[in-house]
J.: 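Submitted below is the structure of interest, expressed as structure tokens.
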Amino acid sequence: MSFRSIFVISALSIMLVSALPFFERSEGNAIASEKQETALTMKADTNHLSGINLFIARLYNEDRVLYATMVTLVMAVLGTFLAFVTDLILKALGLEVSRISHRE
Amino acid sequence: MGILNIHLPIAGIEFSVLLLILIGFCVGVLGGFFGVGGGWMITPALNIFGFHMAFAIGTPLANIFGQSIGAVRKHHRMGNIDWKLGLISIATSVLGVEIGSRVILAMEKAGDVGIIVRWCYVFLLSILGVYMLYDYFVIHPRIIELAEDERANHIPPGVRGATRISDKLHGINIPPMISLPASGIDRVSVWVILSVFLITGFLSGFMGVGGGFIILPVLVYLIGLPTTIAVGTSLVTVLFTAAYGCFTYAVKGRVELVAAFIMLIGASIGAQIGATAVKYIKGYGIRLLFAIMIVLAAFSVLTEQLYKANANPLFQTFAGIVLMGTALAMSATIICKLVLQDRKDRSGRNQELDV
């Protein structure tokens, strides 16, 4: 069996197996969601937070424009980086793309 | 659901990392392949699994922005992007997104906005899906039959009447007119294009979607682009509207950064795989898969709506299964098609070399 087949089968298996436990929602989430459903708080609760979570929550509470700028930049940088890495992996697997004909 | 749960600091809830990556991956594959952002799937999925609707609308836009970067690059390399059309559309789409997001914020003050957004989803997805299926099974065979008939009887093409909506729209003569050579369109009114993208931008902002699931059928059926070019061009619009949507929703406090970050890991990988698969599937094949997918998505959101009305948890579980099942099945179909077709191409090339 080729490396590509193993890669695809593994990806599919991971997708299917990891999907199974998720069709039930935890009670905690349901309650938290219901609370927010009635009154969406505009401030993140910083109690019990530490590290990066605390930093993000504080930034969210204190400077929304800076928070938005950080969100946009993080998404752009991570998106570009992951696209580059995935492209390299696909190339290594022989799935390189070039100009295609447009067939209907 | 306890394993691999993470606390999301902005939304204030616990959520599974694996579920976020899985949603991201499926949305990435579908996004790269169909030229959609995938917000139409992430928003209901996140809402079903516990996100408040406002976060479920804003967070996907951040994820869509990140995943679209790599997919656009890949489609550009395949020659699937009409940059002229894409760039014309951006300003109008952004204006539409802003109007849509302001409308949703105003409605939020008046009460629960989720119910309206979900009904809009059901309506739009159903209309688009049913029309695309009708086109695939009825209109397209009829056009092929007519074309063959014209060839056989030596009738000039188009004399028997074009049945495509795009041909009628190309006939609207409101200057200025432009040509789109990359898409094979000789003349179309700029106003037609601007109107179309203003509406899709509004829907994007209103429903928190990148707009692709509306833009793709619009580009194919209203503007008349070949499907693969519609996929790539749609992604350009999705990229820019999602970038703007990401920023504006984050300023309004509606983006959960940690969730978007985790989803993007799966989404970026999926988007590259999806975009590569376009190389192997014909235009009408893409349309058929897209139509099936959005009809099932509409059904899922309708079931969720029934849950909200009856508070019967069975409906919600069913909605989740349909949504995730559709996304998983469609992603698996695309990946399998990619692998099988690639294998076929390789064996064909090897045989040629042997000869």
Side-chain angles (χ1 to χ4, degrees), chain A residues 4-5 8 11-12 14-16 18-19 21-26 28-30 32-33 35-37 40-42 44-46 48-49 52-54 56-57 60 64-65 67-72 74-76 78-87 89-90 94-95 97-100 102-104, chain B residues 1 7 9-10 12-16 18-19 22 25-26 49-52 54 62-63 65-67 69-70 73-74 77-80 112 226-229 243 246-247 250-251 253 255 257-258 260-261 264-265 268-269 271-273 276 279 282-284 317 320-321 324 328 331-332 335 339 342:
Chain A
R4 251 179 319 125
S5 314
V8 171
L12 286 174
I14 292 167
M15 281 159 60
L16 287 169
S18 52
F22 301 130
F23 294 117
E24 51 185 272
R25 191 165 55 155
S26 74
N29 267 9
S33 179
K35 273 184 191 166
Q36 285 181 330
E37 198 77 47
L40 182 67
T41 51
M42 290 302 294
D45 182 7
T46 51
H48 315 298
L49 291 182
I52 189 78
N53 277 358
L54 181 62
I56 292 168
Y60 177 87
R64 205 52 68 69
V65 175
Y67 173 76
T69 308
M70 188 182 77
V71 168
T72 313
V74 165
M75 290 296 115
L78 184 67
T80 309
F81 172 73
L82 287 172
F84 179 72
V85 172
T86 314
D87 210 22
I89 296 169
L90 288 175
L95 291 167
V97 294
S98 53
R99 211 169 179 82
I100 61 167
H102 302 110
R103 312 165 288 170
E104 290 293 326
Chain B
M1 191 123 167
H7 180 74
I10 308 299
I13 57 170
E14 296 284 318
F15 212 86
S16 165
L18 275 181
L19 181 57
L22 180 76
F25 179 78
C26 291
F49 290 113
F51 264 64
H52 183 275
N63 177 66
F65 166 52
Q67 79 179 39
I69 294 170
R73 184 171 157 263
K74 188 148 264 188
R77 273 161 54 190
M78 288 191 281
N80 286 347
D112 182 14
T227 312
T228 44
I229 294 184
C246 166
F247 185 79
V251 168
V255 175
L257 174 61
V258 176
F261 187 92
L264 185 57
I265 295 169
S268 291
I269 298 166
Q272 294 293 302
I273 294 173
T276 306
K279 181 181 166 187
K282 283 183 183 174
Y284 260 88
T317 310
I321 289 170
M324 289 307 291
L328 277 169
S331 303
I335 292 169
V339 172
D342 179 57

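Order of the sequence lines fixes the chain letters, A, B, ..., with proteins taken first and strands second; residue numbering starts at 1 for each chain.
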J.: Which heavy atom in A/Leu82 sits nearest to a heavy atom in B/Leu264, and how many Å separate them?
T.: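 That closest heavy-atom pairing would be CD1-O, 3.7 Å.
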
J.: Checking A/Leu49 against chain B: side chain, backbone, both or neither under 4.5 Å from a heavy atom?
T.: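 For A/Leu49, the side chain is the part near chain B, not the backbone.
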
J.: Taking C-beta and beyond as the side chain, do A/Asp87 and B/Arg77 meet within less than 4.5 Å on heavy atoms?
T.: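 In contact.
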
J.: So which residue, B/Gly70, B/Gly66, B/Gly253, ends up with the most heavy-atom pairs under 4.5 Å with chain A?
T.: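 Result: the option with the highest number of such pairs is B/Gly253.
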
J.: How close do A/Ala57 and B/Ile10 get, counting heavy atoms only, and between which atoms?
T.: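 Minimum heavy-atom separation between A/Ala57 and B/Ile10: CA-CD1, 4.0 Å.
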
J.: How far apart are the closest heavy atoms of A/Asn53 and B/His7, and which atoms are they?
T.: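 What the structure gives for the nearest pair is ND2-O, 3.5 Å.
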
J.: B/Ile273 and A/Leu90: which non-hydrogen atoms are nearest, and at how many Å?
T.: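 Answer, listing the atom of B/Ile273 first, then A/Leu90: N-CD1, 4.2 Å.
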
J.: Hey, is CZ on B/Phe261 packed in by over 12 heavy atoms from elsewhere, all under 6.0 Å?
T.: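 Atom CZ in B/Phe261 is not packed in, count stays at 12 or less.
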
J.: Not counting sequence neighbours, which residues clear side chain to side chain contact (heavy atoms under 4.5 Å, CB included) with B/Leu257? List them please.
T.: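 Here the qualifying residues are A/Ile56, A/Tyr67, A/Met70, A/Val71, A/Val74, A/Met75.
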
J.: Which heavy atom of B/Val251 sits nearest a heavy atom of A/Val65, and at what distance?
T.: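 Looking at all heavy atoms of both residues, the shortest contact is CG2-CA, 4.4 Å.
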
J.: Looking at residues at least two apart in the chain, or sitting in another chain, which of them share a ring-ring contact (aromatic ring centres under 6.0 Å, His included) with B/Phe65?
T.: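 Partners of B/Phe65 under the ring-ring contact (aromatic ring centres under 6.0 Å, His included) test: none.
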
J.: Heavy-atom cut-off 4.5 Å, strictly under: side chain, backbone, both or neither for B/Gln272 against chain A?
T.: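 Contact with chain A involves both backbone and side-chain atoms of B/Gln272.
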
J.: Name the region of A/Thr46, side chain, backbone, both or neither, that has any atom closer than 4.5 Å to a heavy atom of chain B.
T.: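 A/Thr46 has no heavy atom closer than 4.5 Å to chain B.
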
J.: Provide the closest heavy-atom pair for B/Ser268 versus A/Ala83 in the form atom of the first, atom of the second, distance.
T.: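 Taking B/Ser268 first and A/Ala83 second, the nearest heavy atoms are CB-N, 4.4 Å.
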
